[in-house]
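Notes follow once the structure below has been shown.
We count residues from 1, following the sequence as given.
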Amino acid sequence: MTRQVLSLTFLLLMLAPQQPSAARDRAVYGIATLTTCHVWTDYFDPESGSGVDDLYMKFALRSWVHGFVTGASAAQGVDGEFGRVAESEIVPWITNYCRQNPMHVLDAAASEFLTSVLSLKK
């Protein structure tokens with residue numbers, strides 16, 4: 001029963017349109033608009049996380065970040081090498097960022113990752 005309630009909640013969160021924050025200069029949709037870095041570390045940080053092991057939520061969070069980075073890099077005209085090199089760096093980088101900034105929303109972490117990696121590749 002609990003799993004069904006969690007699955008339904010997850011589905012509703014994914015389908016519900018999210019309003020962009022007034023502080024952002026772009027529209028951001030999906031689960032990351034409701035998720036802080038503290039939540040990310042609960043799922044992905046073996047040192048300070050709570051050890052939550054919900055594969056569906058981990059998949060949703062990781063997929064959102066991968067999609068954000070993919071879309072943003074495509075919009076900025078980043079070459080294909082970026083994606084192949086950076087993919088293995090995404091989860092550890094986001095986890096480290098979130099450990100240091102637990103109250104930031106997840107899309108801020110993904111934006112910082114993209115900015116950091118792009119500045120290192122130049």
Side-chain (Thr95) to main-chain (Val91) donor-acceptor, under 3.5 angstrom: yes
Once you round to the nearest 0.5 Å, how far does CD1 of Ile31 lie from CH2 of Trp64? 10.0 Å
Quick one: side-chain contact (heavy atoms from CB on, under 4.5 Å) partners of Thr36, sequence neighbours excluded? His38, Val39
Interatomic distance, Ile90 atom CD1 to Phe68 atom CZ [nearest 0.5 angstrom]: 11.0 Å
Does any pair with a residue in residues 56-75 pass salt bridge (charged side-chain N to carboxylate O under 4.0 Å, His left out), and if so which ones, sequence neighbours excluded? none
How long is the span from the CD1 atom in Ile94 to the NE2 atom in His66, to the nearest 0.5 Å? 9.0 Å
What's the separation between atom CG in Asn101 and atom CG in Asn96, rounded to the nearest 0.5 Å? 9.5 Å
Tightest non-hydrogen contact, residues Leu106 and Cys98, listed as CD1-SG, 4.3 Å
Once ring pair (Phe, Tyr, Trp, His ring centres under 6.0 Å) is applied, do any residues pair with Tyr97, and if so which ones, sequence neighbours excluded? Trp93, His104
Kindly give the heavy-atom pair with the smallest separation between Arg99 and Asp45, and that separation in Å. NE-OD2, 2.7 Å
Could you give me the CA-CA distance, side-chain angles and deciding distance for Phe44 and Leu61, then say whether side-chain contact (heavy atoms from CB on, under 4.5 Å) is met? CA-CA 10 Å; Phe44 292 98; Leu61 293 170; 4.1 Å; yes
Consider only side-chain N and O atoms of Thr35 and Trp40, and report whether a donor and an acceptor are under 3.5 Å apart. no
